[in-house]
Participant: 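Have a look at the structure that comes next, please.
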Amino acid sequence: MSENRNRLGVIDIGSNSIRLIIYEAGADGTCRMIHKAKETVRLGVRRDENGNMIEEDIRTVIPILQKFKHICATNHTHQIRAVATAAVRQSANTEEIMKCWESNTDIKVQILSGEEEAYFGFLGVMRSMPAHVTEGFIVDIGGGSTEISYFKNNQLIQSTSLPCGAVNMTMQNGGTDHWSEQSTAQLEQSIQQQLAEYPWTAMHPDLPLIGLGGGIRALARMERERKRQSKPASDPYRIDPDTIFFYAEALATLSLEERVNRFDLGKDRADIIVAGTLILRTLLKHMKCSALLASWRGLSDGFSHHFFTAESASSRPTS
């Protein structure tokens with residue numbers, strides 16, 4: 001089986017899931033997705049007293065990486081880049097984690113900083129934005145962190161990463177079932193305190209907020225079904241802030257099973273969607289955004305674009 005230099009497998013090791021997307025670069029500079037796979041995990045939730053990710057969770061990733069490596073080979077894709085985000089970078093034993101995964105899979109994993117994660121998310125969404133969206137915010141709500149960026153005229157101006165995501169905020173606040181008013185207020189106060197350290201997040205009202213991540217995609221699907229809109233949804237998909245406020249209130253009052261049944265959510269999403277939606281609501285209020293634009297793009301899209309652009313530049317003859 002020959003190697004296809006125009007194909008790249010991107011493995012994104014997150015706190016809530018591990019995703020593989022295989023991309024193929026076209027001669028015209030386009031990049032299309034040809035295969036995707038996902039495995040749900042909950043990395044970083046269980047740590048020992050020293051802040052180390054426990055061995056059981058570390059080893060859980062190995063068969064997933066081996067499976068994804070096989071999928072890449074089946075799809076004639078031998079260029080693989082794996083990146084890890086909050087669950088790994090927030091662990092005290094990152095070096096041990098990297099060595100374990102590489103020695104068992106021959107896949108070298110790159111740990112992204114919060115700023116790098118925000119940058120690749122920015123690259124991913126900007127290629128699908130309508131021409132009239134020239135300024136706004138981007139938010140990527142993951143399992144263990146939330147990246148916020150401000151862009152203008154297709155340039156990333158500022159970004160930051162908050163150590164709060166749908167998984168860790170669920171564990172620290174309301175849990176997986178009904179959320180009390182005290183729990184929701186506690187989460188919102190925590191997010192507001194962190195945002196206060198970044199005054200620029202409140203200095204540009206009435207701009208759109210482009211949302212990334214599985215939780216925001218789930219909200220977009222829920223809203224599309226509520227409106228009985230047929231697939232495919234536009235990318236990005238516009239949702240008014242009042243609608244997000246409605247979902248934040250409604251989801252918090254439901255049990256886990258009620259969320260699964262009423263909104264057709266998988267249990268791996270239904271248990272953390274309340275925290276994710278509350279984070280989103282807090283951001284919309286704080287930034288006074290005009291709308292949420294839910295994007296189907298994300299970190300992997302930006303990373304593949306960055307990779308192929310660098311490959312193309314390195315292959316050009318020097319003068």
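Index from 1, following the sequence.
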Participant: Run the salt-bridge test on R127 and D301 with the 4.0 Å N-O cut-off and return the result as yes or no.
Facilitator: no
Participant: Would you kindly confirm whether L219 and V167 end up in one hydrophobic cluster when ILVMFWY residues are joined by side chain heavy atoms under 4.5 Å apart?
Facilitator: no
Participant: Could you check whether any side-chain N or O of D12 sits under 3.5 Å from a backbone N or O of R19, counting only pairs where one atom can act as donor and the other as acceptor?
Facilitator: no
Participant: Should L187 and V139 be counted in the same cluster of Ile, Leu, Val, Met, Phe, Trp and Tyr side chains packed under 4.5 Å apart?
Facilitator: yes
Participant: Please name the pair of heavy atoms, one in S300 and one in V10, separated by the smallest distance, quoted to 0.1 Å.
Facilitator: OG-CG1, 3.8 Å
Participant: Quick one: pull up CD1 in I71 and OG1 in T77 and give me the separation to the nearest 0.5 Å.
Facilitator: 10.5 Å
Participant: Set out, in order, the CA-CA distance, both residues' side-chain angles and the distance that settles side-chain contact (heavy atoms from CB on, under 4.5 Å) for E96 and M53, then state yes or no.
Facilitator: CA-CA 10 Å; E96 175 191 338; M53 185 184 295; over 6 Å; no
Participant: Determine yes or no for a side-chain-to-main-chain donor-acceptor pair under 3.5 angstrom, with S190 supplying the side chain and Q186 the backbone.
Facilitator: no
Participant: Between the side chain of N104 and the main-chain N/O of C100, is any donor-acceptor distance below 3.5 Å?
Facilitator: yes
Participant: According to a hydrophobic-cluster definition based on side-chain heavy atoms being under 4.5 Å apart (Ile, Leu, Val, Met, Phe, Trp, Tyr only), do L65 and I54 belong together?
Facilitator: no
Participant: Check whether R89 reaches the backbone of T94 with its side chain - one donor and one acceptor, N or O, closer than 3.5 Å.
Facilitator: no
Participant: Can you hop from Y23 to L112 via hydrophobic side chains spaced under 4.5 Å?
Facilitator: yes
Participant: Does the D48 side chain pair with the main chain of N50, one donor and one acceptor, at a distance under 3.5 Å?
Facilitator: yes
Participant: Compare all side-chain heavy atoms of V109 with those of V88 and state whether any distance is below 4.5 angstrom.
Facilitator: no
Participant: Would you say that T282 contacts Q192 through its side chain, given a criterion of any heavy-atom pair below 4.5 Å between the two side chains?
Facilitator: yes
Participant: Apply the test side-chain contact (heavy atoms from CB on, under 4.5 Å) to residues V133 and F151: give CA-CA distance (whole Å), side-chain angles for both, the deciding distance (0.1 Å), then the verdict.
Facilitator: CA-CA 10 Å; V133 181; F151 70 91; 4.0 Å; yes
Participant: Would you compute the distance between atom CD1 of I22 and atom NZ of K36 and round it to the nearest 0.5 angstrom?
Facilitator: 13.0 Å
Participant: One pair to check against salt bridge (charged side-chain N to carboxylate O under 4.0 Å, His left out): E223 and K227. What are the steps and the verdict?
Facilitator: CA-CA 6 Å; E223 181 61 6; K227 291 184 173 180; 3.6 Å; yes
Participant: Please test T243 against R226 for side-chain hydrogen bond (donor to acceptor under 3.5 Å, both in side chains), starting from the C-alpha separation and ending with a verdict.
Facilitator: CA-CA 11 Å; T243 301; R226 186 177 74 89; 4.5 Å; no
Participant: Between S149 and W200, what is the shortest heavy-atom contact and its length?
Facilitator: C-CZ3, 4.3 Å
Participant: Answer yes or no: is there a donor N or O on one side and an acceptor on the other, between the side chain of N168 and the main chain of G144, under 3.5 Å?
Facilitator: yes
Participant: Establish whether F307 and I34 are linked, either directly or via other cluster members, by ILVMFWY side-chain heavy-atom contacts under 4.5 Å.
Facilitator: no
Participant: Ignoring hydrogens and geometry beyond distance, is a side-chain donor-acceptor pair present between S161 and E147 at under 3.5 Å?
Facilitator: yes
Participant: Determine whether F263 and I273 make a side-chain contact, defined as any pair of heavy atoms from C-beta on separated by less than 4.5 Å.
Facilitator: no
Participant: Could you walk me through whether R238 and D240 pass the salt bridge (charged side-chain N to carboxylate O under 4.0 Å, His left out) test, one step at a time?
Facilitator: CA-CA 7 Å; R238 181 186 176 95; D240 291 333; 3.8 Å; yes
Participant: With distance as the sole criterion, is a donor-acceptor pair present between the side chains of T160 and Y198 under 3.5 Å?
Facilitator: yes
Participant: Please answer whether the main-chain N or O of L251 pairs with a side-chain N or O of R259 as donor and acceptor at a distance below 3.5 Å.
Facilitator: yes
Participant: Please answer whether the main-chain N or O of R7 pairs with a side-chain N or O of Q79 as donor and acceptor at a distance below 3.5 Å.
Facilitator: yes
Participant: Salt bridge (charged side-chain N to carboxylate O under 4.0 Å, His left out) with E56: which of R42, R47, R46?
Facilitator: R46
Participant: Inspect the contact between K108 and D106 and indicate whether a charged nitrogen and a carboxylate oxygen are less than 4.0 angstrom apart.
Facilitator: no
Participant: Please answer whether the main-chain N or O of L256 pairs with a side-chain N or O of D177 as donor and acceptor at a distance below 3.5 Å.
Facilitator: yes
Participant: Can you see which heavy atom on G124 is nearest to which on R297, and at what distance?
Facilitator: O-CB, 3.5 Å
Participant: Is it true that E95 and K99 have a side-chain N and a carboxylate O under 4.0 angstrom from each other?
Facilitator: yes
Participant: Quick check: do V274 and T170 have side-chain heavy atoms less than 4.5 Å from each other?
Facilitator: no
Participant: V61 versus E39: any side-chain heavy-atom pair under 4.5 Å?
Facilitator: no
Participant: Should S145 and T85 count as side-chain neighbours, where that means a heavy-atom distance under 4.5 Å?
Facilitator: no
Participant: Write down the atom of I141, the atom of A166, and the distance for their closest heavy-atom approach.
Facilitator: CG2-N, 4.4 Å
Participant: Are the side chains of Y150 and M203 in contact, using a 4.5 Å heavy-atom criterion?
Facilitator: no
Participant: Check whether K69 reaches the backbone of I107 with its side chain - one donor and one acceptor, N or O, closer than 3.5 Å.
Facilitator: no
Participant: First locate atom NZ of K152, then atom CD of Q158, and finally report the distance between them rounded to the nearest 0.5 Å.
Facilitator: 12.0 Å
Participant: Do I13 and W101 have side-chain heavy atoms sitting under 4.5 Å apart?
Facilitator: yes
